[in-house]
Amino acid sequence: MGPQFFYTIEVILNGLMAGVMYALVALGFVLIFKSSGIFNYAQGVMALFAAQTLVGIQTGLVPFSHLINAVFGTDLHHFGWEIPSVLAILATTLVMIGFAWLVVRLVLKPLAGQEPIILFMATIGLAYFMEGFGDLMWGSDIKKLDVGLPQGGNIGIEESTSFLGGEEFYGFYIDNLDIWAAVIATLLVVALVVFSQYTKVGRALRAVADDHQAALSVGINLETIWVIIWSVAGFVALVAGIMWGAKLGVQFSLSLIALKALPVLMLGGFTSIPGAIVGGLIIGVGEKLFEFSIGPLIGGATENWFAYVLALVFLVFRPQGLFGEKIIERV
Amino acid sequence: MFYREAGDFKTSYVADNQTFPIAFDRYRYYVVLAVAIGVVPFMLNEYFASAVLIPFLIWSIIAIGLNILTGYCGQVSLGTGGFMAVGAYASYKLMTAFPDLNIFFVILASGGVTAGVGLLFGLPSLRIKGFYLAVATLAAQFFLVWLFNRVGWFYNYSASGQINAPERSVFGFNVTGALAAPEAKYLFCLAFVILLGIVARNLTRGKLGRSWMAIRDMDIAAEIIGVDPLKAKLSAFAISSFFVGVGGALFFAVYLGAVEVGEAFGINKSFLALFMIIIGGLGSIFGSFAGAAFIVLMPVLLKNVMVGGLGWPTDIAAHFEFVILGGLIIFFLIVEPHGLAALWRLAKEKLRLWPFPH
């Protein structure tokens, strides 16, 4: 077994890690789609907004400082304090809950009962709105996000595996951040499953997901459930925002991770939490392997579309995704 | 008072089936056409033509195209930007390969090429439905943009990776390239808009259009009453892509002149086109025009107010534009989910009874 073999394994390992990151975003989509049938395009922008807010609170930025400066000619930028990460994360969670409440009140409630495509368009509008709003509030410059997660290659794994491949192989390179992301994503999924299976609110959530009308008729308040779901999705977005923000810096391109999560959803099925995880892993490994083996032959940068084509081909054989509910159509 | 069908008698089936059965509508249509052809070109200035009118005309073609697919046939597509890119690159390849071919036919042929590509990406729609299909069309978007970015043959191996429209003329007037006058560009685009508008209107009220609408309303039921879903869906994809391809070719050749694919035909363009037909009205030709006008005009207006009027820095104005665009879309969806076309219909209903509504 030459070094090539171990490089391939390294690519697969890194693909799995990237897949976890995709799954993290896809989770937020699944939560909202399952409970309200809304395909929430704004999930990626929510992650960006959460990360921006976190950095802003942490470093004591003055909200809307650019706007205030432009209108009143002042020179505001910082409050001049730093807030510990944990408190800042808590504060951001509160902001996301407030945001969830506003979305449900101002957007979803007036649109209740509309066709899915209309709701989908509304979330695209929401995404545009939040993108501009986040930039207005915190400025559009690239920010560094640091909540104390370790970064860089994991030396331990690298050294302990370097004997495998002989002279030319230096051990597996795996980013510490990716390992943390995997751990946190696992915890998050376990927490979500426990929440939805063993709590009263969770049971109500599942009831709503099953049948809106029936849930309403047994006295479940749909609006409250939606606020809870959007808050949870906001929290998931925050976690995704922290992970991706620590990796890439908090900037506009963060909102595009939503586009990375879509093929994951198609593959896994829009309604299945395990589907989001498995789909994420398949897409992560698939695109890294493809880029590694075939990418150099056809010009590289295949990661942008490979996931979509993979999902497309897959869907032709199984239109509801891996774990999606079977689509039954009646006249 | 003026707007009513009373007294408007028809003596033949042809007269009864015309596009504008009410005389007032018909005259209005002729007046609009006459003004667009005969008056507007003499009042154009460079800024107004290039910032408002030409993009409006081109986007209307694209919006009609997407409306055929999404509004009439019910297949949501997020690949519009990719298909526009196909039209643009097809026109570029044709212009450089056949320098003597008239630009008019080049643009039509680019539409034809795009129709073929659209047909190909429409094939999965026979199996995949709803949101799964919407996301699947993103595959077209990303794959096509990547293809034009990476494969040198498409941009004739130019060093910058850009494509530049060579100079071409119609009846001796330049319509592409740096020397083209805004009037010539405007009339050239207008010709396509009128031609394709008439085609679209007649397609959608004919047999083909009715089969699309049957598929949209319920595809299984449509299949049972004898509509062939293969034919209906694929023809919708092909014809819609033809329109979008023509729009993309004009966008590149007449409007922009030089194009870098990722920037000019990115996913934002797909969303813009979708906004247009939603705000304008799904399944309405008039709605496509209204939506295109709205989406093209609004940023120009906002920019003039915020940067020109209030003197804010451009980056803050750009952020505000996003906020307002997003907010307006949500507002429109809440107030009138069927778009400007529905508002127009309502206005006509009111006008019919005006000034004595009881």
Side-chain angles (χ1 to χ4, degrees), chain A residues 33 39 41 66-67 70-71 106-107 110-111 114-137 139-140 256 259 262-263 265-266 270 298-302 304-313 315-317 319-321 324 327 329-331, chain B residues 70 74 76 121 123-124 126-147 149-152 218-221 224 267 271 274-275 278-279 282 310-313 315-316 318-335 337-338:
Chain A
F33 191 82
F39 187 80
Y41 179 76
H66 293 275
L67 184 63
V71 176
L106 299 180
V107 182
L111 282 175
Q114 293 287 359
E115 288 164 49
I117 170 83
I118 301 285
L119 288 163
F120 170 60
M121 290 302 300
T123 65
I124 297 182
L126 188 66
Y128 269 67
F129 181 86
M130 286 183 76
E131 208 175 304
F133 191 74
D135 283 351
L136 269 183
M137 197 163 170
S140 55
L256 300 180
L259 297 176
L262 294 181
L265 287 172
M266 283 168 46
F270 282 164
I298 52 171
T302 56
N304 273 339
W305 56 267
F306 176 75
Y308 281 97
V309 175
L310 181 71
L312 183 62
V313 171
L315 276 194
V316 170
F317 295 101
Q320 71 272 34
I327 302 167
E329 288 180 279
R330 295 189 181 86
V331 175
Chain B
T70 305
V76 182
F121 279 99
L123 283 175
L126 299 172
R127 286 279 288 171
I128 310 172
K129 284 168 191 169
F131 282 123
Y132 286 97
L133 178 69
V135 179
T137 54
L138 277 175
Q141 170 73 44
F142 289 114
F143 178 73
L144 290 169
V145 167
W146 174 86
L147 189 72
N149 221 348
R150 296 283 157 172
V151 181
M218 187 179 237
D219 53 355
I220 292 185
I224 289 169
I267 184 160
F271 283 136
L274 205 55
F275 285 157
I278 297 272
I279 287 183
L282 287 171
L310 297 173
W312 289 357
D315 62 325
I316 290 187
H319 300 328
F320 247 106
E321 220 179 281
F322 270 86
V323 171
I324 294 175
L325 180 63
L328 272 181
I329 287 163
I330 296 174
F331 175 77
F332 256 103
L333 290 176
I334 291 172
V335 177
H338 301 292

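So that the names make sense, note that chain A is the first sequence line, chain B the second, and so on, each numbered from 1.
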Between B:Arg127 (side chain) and A:Leu315 (backbone), is there a donor-acceptor pair under 3.5 Å?
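No: the side chain of B:Arg127 does not pair with the backbone of A:Leu315.
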Name the region of [X], side chain, backbone, both or neither, that has any atom closer than 4.5 Å to a heavy atom of chain A.
X	value
B:Asn149	neither
B:Val135	both
B:Leu138	both
B:Phe275	both
B:Ile267	side chain
B:Leu274	both
B:Phe143	both

Distance flag, aromatic centroids of A:Phe133 and B:Phe322, threshold under 6.0 Å
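Centroid separation for B:Phe322 and A:Phe133: 6.0 Å or greater.
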Spacing of [X] atom [atom1] and [Y] atom [atom2] [to the nearest 0.5 Å]:
X	Y	atom1	atom2	value
B:Ile334	A:Leu106	CD1	CG	7.5 Å
A:Tyr308	B:Thr137	OH	OG1	9.5 Å
A:Trp305	B:Leu144	CH2	CG	11.0 Å

Sequence neighbours excluded, which residues qualify as side chain to side chain donor-acceptor pair (under 3.5 Å) partners of A:Glu131?
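In terms of side chain to side chain donor-acceptor pair (under 3.5 Å), with neighbours along the sequence ignored, A:Glu131 is linked to no residue.
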Checking B:Leu333 now: which residues fulfil side chain to side chain contact (heavy atoms under 4.5 Å, CB included) with it, not counting sequence neighbours?
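By the side chain to side chain contact (heavy atoms under 4.5 Å, CB included) rule, B:Leu333 matches A:Leu111, A:Ile118, A:Met121, A:Ala122, B:Ile278, B:Ile329.
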Just wondering, do A:Leu312 and B:Ile128 contact through their side chains at under 4.5 Å, heavy atoms?
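Touching, per the 4.5 Å side-chain cut-off.
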Only pairs of heavy atoms separated by less than 4.5 Å count here; which of B:Ala318, B:Ala139, B:Gly327 has the most with chain A?
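The residue among B:Ala318, B:Ala139, B:Gly327 with the greatest pair count is B:Ala139.
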What part of A:Leu259 is in contact with chain B, defined as an atom under 4.5 angstrom from a non-hydrogen atom: side chain, backbone, both or neither?
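Looking at A:Leu259, just its side chain touches chain B.
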Report which part of A:Phe306 has an atom under 4.5 Å of a heavy atom belonging to chain B: side chain, backbone, both, or neither.
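Contact with chain B: none, neither part.
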Output the option from A:Leu262, A:Leu126, A:Val316 having the highest count of non-hydrogen pairs under 4.5 Å with chain B.
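Greatest number of close heavy-atom pairs with chain B: A:Val316.
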